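As the structure is a computational prediction, the values presented were derived from the model and not from experiment. Any value given below was found using the heavy atoms of this structure, including those in side chains, with hydrogens, waters and symmetry copies removed. Residues: numbered from 1 along the sequence shown.
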Amino acid sequence: MSVVSITIAFVALLSTVSGSLDADRDIWVTPKGLPAGHNGGTLERLVPPAAGKRPHIMMLLFDDYGWANAGWHRNYTAPGGGFVPHTDEVQTPNLNELVRTGIELDRQYVYKYCSPTRSALQSGRNPYHVNNLNLDPTVYNPADPVSGYAAIPRNMTGIATKMAAAGYKTAGFGKWDAGMATPDHTPFGRGYMTNMNYFHHANDYWAQTCGGCRGPTPKPNPERKCGGNGHAFCLGTSPNIPGSVAFTATFKECCALCSETEGCAAWAWGKSSDAHGNQSCHLKSSLAKDSQKGNCTSGCFSEQCFGKSFSPVDLWRHEVGEAFEGPARGYNNTCGAGKPSSVPGGNPGCVPGKFGDTWYDGYEDSIFEQQVLRTVEAHDPSDPLFLFWAPHIVHAPLEVPPVFFSKFDFIAPTDKPAHSRQLYHAMVNFADAAVGNVTSLLKAKGMYDDLVIVFSADNGGPIYANGSAGANNFPLKGGKMNNWEGGIRVNAFVSGGFLPNHVRGIKYEGLVTGWDWYHTFCSFAGVDATDHRAALANLPAIDSHDMTAVIMGVNMTSPRTEIPVGTEPRQSNITSAPKCSSYNTPASYEDPRIDGDEVGPTPTDGLCTTVSALIVDQGADGLWKLLTGDVEQDVYMGPHYPNSTTNEVSNTFVGHCANGCLYELRSDPLEAHDLAAENPAKVAELYAKLVAYEQTAFNPNRGKSDPLACTTAAKQYGGFWGPFVA
């Protein structure tokens, strides 16, 4: 559909919804500073800014940040009433000061792992209405051009597009994890005029590489001796070719057959022939030592016949005012793999790219910090700025510059052998220092007094892999990957000079979610939060609530009273859930270096839900949480977790909530007392709500990992990840 036809359809939709476009009341604009046709040519409606003027806004999103790894969650009375003393292990002075002069959000909730939370924040939707899966960004379903991708459907409007429509300069840096497949899925495609990011769930902090690809099939080789029979063979690179034999005249034709056949696996050419004497190609996996066939055996292999493996660089950029969007070549390190010589055991040949950051030898979060500082330094304070900054820290792999690591050497005697706790705390301290550098510059530029800072983690700290991920959610139960409080209740606050004095220093107990910032930012900016483009595509509407009245101290009652809590498809007795066999769920991302971050395959029997829990604030009648199904990580941590005595696999501790586990969170924030048996009426009340929420769940067929992503990385981008569908 052309931009013109989309716009006509858009206006028709608005006429249906509102009767007419009243020029005296409504001002409709295209996003400023973005290409013509951006976001399908959709117009946005301007409204009066909630606070009378448009503040600068900086959204900070830390990755895998544990509850007890935040300085304001030390030396305080913790949930449950216990006192948690100060410890030198947790050093976050800059974040602590922002909390002290801002509003601590004590009950902000997000999804239990990365990509769904990030998709929710950028789109303004509860994850079960946008993306409840941690998929590799190479996933693609060509049969669905709207939703057949990892993360956010193509036709949902990103928050940066909304802000650009309101006249903001938009910039985004760091982890994206909200889609990659098409140009619409990149940060620039979602409205960030200036950006530098990586697309996957994690890459290497030093080399910026991620994942693995097999390069293009080389040209056919000359005949080679193989297994003593003197006949040629050639290997292709792609999986899952059906059948086993194709007759050809020469081995070169066999190689060409493989390289030109989509889905070709490993083929070999031998002297087996039909009645007419034609030579044959065989799938290498089906070859055997058979003198009658004379094929090359599976034991015979030549790297010259096979595309070499490589790990693409995951670093992408766009600069405001430039036509170029593409690989951040020259900003990435030269390692390919490994660490610089400044790190023990590092490689002297691993040095920063010529445009990259020279601080800390090209450490990735230092590169992002420099991009943030550069953007702020160049910004005209008279223009409102929307800045999204999502450090890699504190996601695995646990890597940090040695000068920060050595500051925490005192942890080593009680740490695990791999120094997980020391590395984690050092990384948090690095990120805290970066935040301090940026806030100092914002003050020097005269922007801080008109600034709103929103800080959040994308999920609770990871406690899997016997503590090797380094995080700690003490005293909350559980962690990342599960829906206990330790997995979805996260470190969060609002700060900045724009806040009125009477709200500073408040600990806010009302419900807030990560996707509420979409509507809140739109309200501050003066743009209608409604996603008109998504409505045209029959996609779910936003679920976001406007929190500006809370932030400005006008009304401290949260507009949010319920939070449906999502999950990947899980077996359930929720009657509105579809059959498990109805889902087309690709394999979820998992880091091969980590034991515990994996999500198992979707069950094949019974009913499977993607809304497995519910939090409901009924005021004086209770703050209730209902969990259903099996919930792993039914464990608690200590104040100095993980340590040398840690010896458990948290996923083996399972809470069995098939018929519902019920908790009253104000009196029992640690989820220690299941009230389901003594309060069946409350269970039934919340269960009925879950049944209704499940009926609106959004579960498109997103497809599977497409080898075209690797082909595009190798051929079009010269070894970098990027969009692979037009």
Are side-chain heavy atoms of [X] and [Y] found at a separation under 4.5 Å?
X: Lys477; Y: Val635; result: no
X: Val130; Y: Pro153; result: yes
X: Tyr663; Y: Leu675; result: no
X: Tyr149; Y: Arg702; result: no
X: Glu671; Y: Leu665; result: yes
X: Val435; Y: Leu60; result: yes
X: Leu607; Y: Ser572; result: no
X: Leu627; Y: Trp484; result: yes

So, taking the atom named [atom1] in [X] and the one named [atom2] in [Y], what distance separates them when rounded to the nearest 0.5 Å?
X: His56; Y: Ile453; atom1: NE2; atom2: CD1; value: 11.5 Å
X: Thr117; Y: Asn131; atom1: OG1; atom2: CG; value: 9.5 Å
X: Asn96; Y: Thr101; atom1: CG; atom2: OG1; value: 10.5 Å
X: Trp515; Y: His129; atom1: CH2; atom2: NE2; value: 11.0 Å
X: Lys480; Y: Asn134; atom1: NZ; atom2: CG; value: 6.5 Å
X: Leu442; Y: Leu385; atom1: CG; atom2: CG; value: 8.0 Å

Considering non-hydrogen atoms only, spot the tightest contact between [X] and [Y] and give its length.
X: Leu133; Y: Pro569; answer: CD2-CD, 3.8 Å
X: Arg190; Y: Trp176; answer: CG-CZ2, 3.6 Å
X: Tyr518; Y: Ala529; answer: CE2-O, 3.5 Å
X: Ala492; Y: Trp72; answer: N-CZ2, 4.5 Å
X: Val611; Y: Thr567; answer: N-CG2, 4.2 Å
X: Val503; Y: Ile103; answer: O-CG1, 3.5 Å

Exercise for the section: List the steps, then state whether salt bridge (charged side-chain N to carboxylate O under 4.0 Å, His left out) holds for Asp617 with Arg107. Expected result: CA-CA 11 Å; Asp617 188 350; Arg107 292 195 181 276; over 6 Å; no

Practice task
Name the orientation class of the two ring planes belonging to Phe455 and Phe493 (parallel below 30°, tilted from 30 to 60°, perpendicular beyond 60°).
Solution key: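 Rings of Phe455 and Phe493: parallel, under 30°.
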
Exercise for the section: Please state whether the rings of His395 and His392 are parallel, tilted or perpendicular, taking 30° and 60° as the class boundaries. Expected result: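 Ring orientation, 0 to 90° scale: tilted.
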
Please check this pair: side chain of [X] against backbone of [Y], looking for a donor-acceptor N/O pair closer than 3.5 Å.
X: Arg504; Y: Gly102; result: no
X: Tyr111; Y: Asn132; result: yes
X: Asn94; Y: Asp432; result: yes
X: Thr170; Y: Gly191; result: yes

Practice task
I would like to know whether Trp28 and His532 meet side chain to side chain contact (heavy atoms under 4.5 Å, CB included); could you show each step before the answer?
Solution key: CA-CA 12 Å; Trp28 297 84; His532 304 291; 3.7 Å; yes

Handout entry: Asn126/Thr513 under side chain to side chain donor-acceptor pair (under 3.5 Å): CA gap, chis, key distance, verdict
Key = CA-CA 9 Å; Asn126 188 307; Thr513 68; over 6 Å; no

Practice task
Applying side chain to side chain donor-acceptor pair (under 3.5 Å), run through Lys112 and Gln633 and close with a yes or a no.
Solution key: CA-CA 12 Å; Lys112 59 185 175 180; Gln633 298 185 358; over 6 Å; no

Practice task
Test side chain to side chain contact (heavy atoms under 4.5 Å, CB included) on Ser147 and Leu539 and set out the steps.
Solution key: CA-CA 9 Å; Ser147 303; Leu539 292 169; 3.6 Å; yes

Problem - Enclosure of Asn659 CG (heavy-atom neighbours >12, cutoff 6.0 Å) - result: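 Check fails, neighbour count at 12 or below.
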
Problem - Over 12 foreign heavy atoms within 6.0 Å of NZ, Lys507 - result: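 Correct, the count exceeds 12.
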
Practice task
With sequence neighbours excluded, tell me which residues meet ring pair (Phe, Tyr, Trp, His ring centres under 6.0 Å) with Trp67.
Solution key: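 Here the qualifying residues are His73.
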
Exercise for the section: Apply salt bridge (charged side-chain N to carboxylate O under 4.0 Å, His left out) to the pair Lys625 and Glu485, showing each step before the final yes or no. Expected result: CA-CA 10 Å; Lys625 181 176 182 180; Glu485 293 289 276; 2.9 Å; yes

Handout entry: Any donor-acceptor N or O pair under 3.5 Å, side chains His545, Asp516
Key =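 Looking only at side-chain atoms, Asp516 and His545 do not form any donor-acceptor pair under 3.5 Å.
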
Problem - Candidate list Asn459, Asp458, Val490, Val428, test side-chain contact (heavy atoms from CB on, under 4.5 Å), partner Tyr65, passing option - result: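 For Tyr65, the side-chain contact (heavy atoms from CB on, under 4.5 Å) check succeeds only for Val428.
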
Exercise for the section: For a side-chain contact (heavy atoms from CB on, under 4.5 Å) with His519, tell me which candidate from Thr548, Ile159, Asp546 qualifies. Expected result: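 With His519 as partner, Thr548, Ile159, Asp546 yield a single side-chain contact (heavy atoms from CB on, under 4.5 Å), made by Asp546.
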
Problem - Electrostatic pair Asp450-Arg54, nearest N-O below 4.0 angstrom - result: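 No salt bridge links Asp450 with Arg54.
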
Exercise for the section: Considering only NZ, NE, NH1 and NH2 on the basic side and carboxylate oxygens on the acidic side, decide whether Asp543 and Arg560 come within less than 4.0 Å. Expected result: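 No, no charged N to carboxylate O under 4.0 Å.
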
Practice task
Please lay out, stage by stage, how Asp528 and Lys162 fare under the test salt bridge (charged side-chain N to carboxylate O under 4.0 Å, His left out).
Solution key: CA-CA 8 Å; Asp528 179 11; Lys162 291 284 191 179; 5.7 Å; no

Practice task
For Thr157 and Asn39, run side chain to side chain donor-acceptor pair (under 3.5 Å): C-alpha distance rounded to whole Å, both residues' side-chain angles, the deciding distance at 0.1 Å, then the answer.
Solution key: CA-CA 7 Å; Thr157 302; Asn39 198 40; 3.0 Å; yes

Practice task
Begin from the C-alpha positions of Glu568 and Tyr113 and carry the test side chain to side chain donor-acceptor pair (under 3.5 Å) through to its verdict.
Solution key: CA-CA 10 Å; Glu568 70 284 342; Tyr113 46 73; 2.7 Å; yes

Exercise for the section: Could you point out which residue of Thr609, Thr696, Asn699 forms a side-chain hydrogen bond (donor to acceptor under 3.5 Å, both in side chains) with Tyr128? Expected result: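 Going through the options one by one, the only one that passes is Thr696.
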
Practice task
Decide yes or no on ring pair (Phe, Tyr, Trp, His ring centres under 6.0 Å) for Phe386 and Phe388, but give the supporting numbers first.
Solution key: CA-CA 7 Å; Phe386 177 64; Phe388 174 67; 7.5 Å; no

Exercise for the section: Run the numbers on Glu685 and Gln618 for side chain to side chain contact (heavy atoms under 4.5 Å, CB included), then give the verdict. Expected result: CA-CA 12 Å; Glu685 175 191 343; Gln618 297 180 332; 2.7 Å; yes

Exercise for the section: Please list, chain by chain and in numerical order, all residues satisfying disulfide bond (SG atoms under 2.5 Å apart) with Cys114, sequence neighbours excluded. Expected result: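 Partners of Cys114 by the disulfide bond (SG atoms under 2.5 Å apart) criterion come out as none, since no residue qualifies.
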
Exercise for the section: Could you go through the salt bridge (charged side-chain N to carboxylate O under 4.0 Å, His left out) check for Arg118 and Asp63 one step at a time? Expected result: CA-CA 10 Å; Arg118 293 165 189 273; Asp63 202 350; 3.6 Å; yes

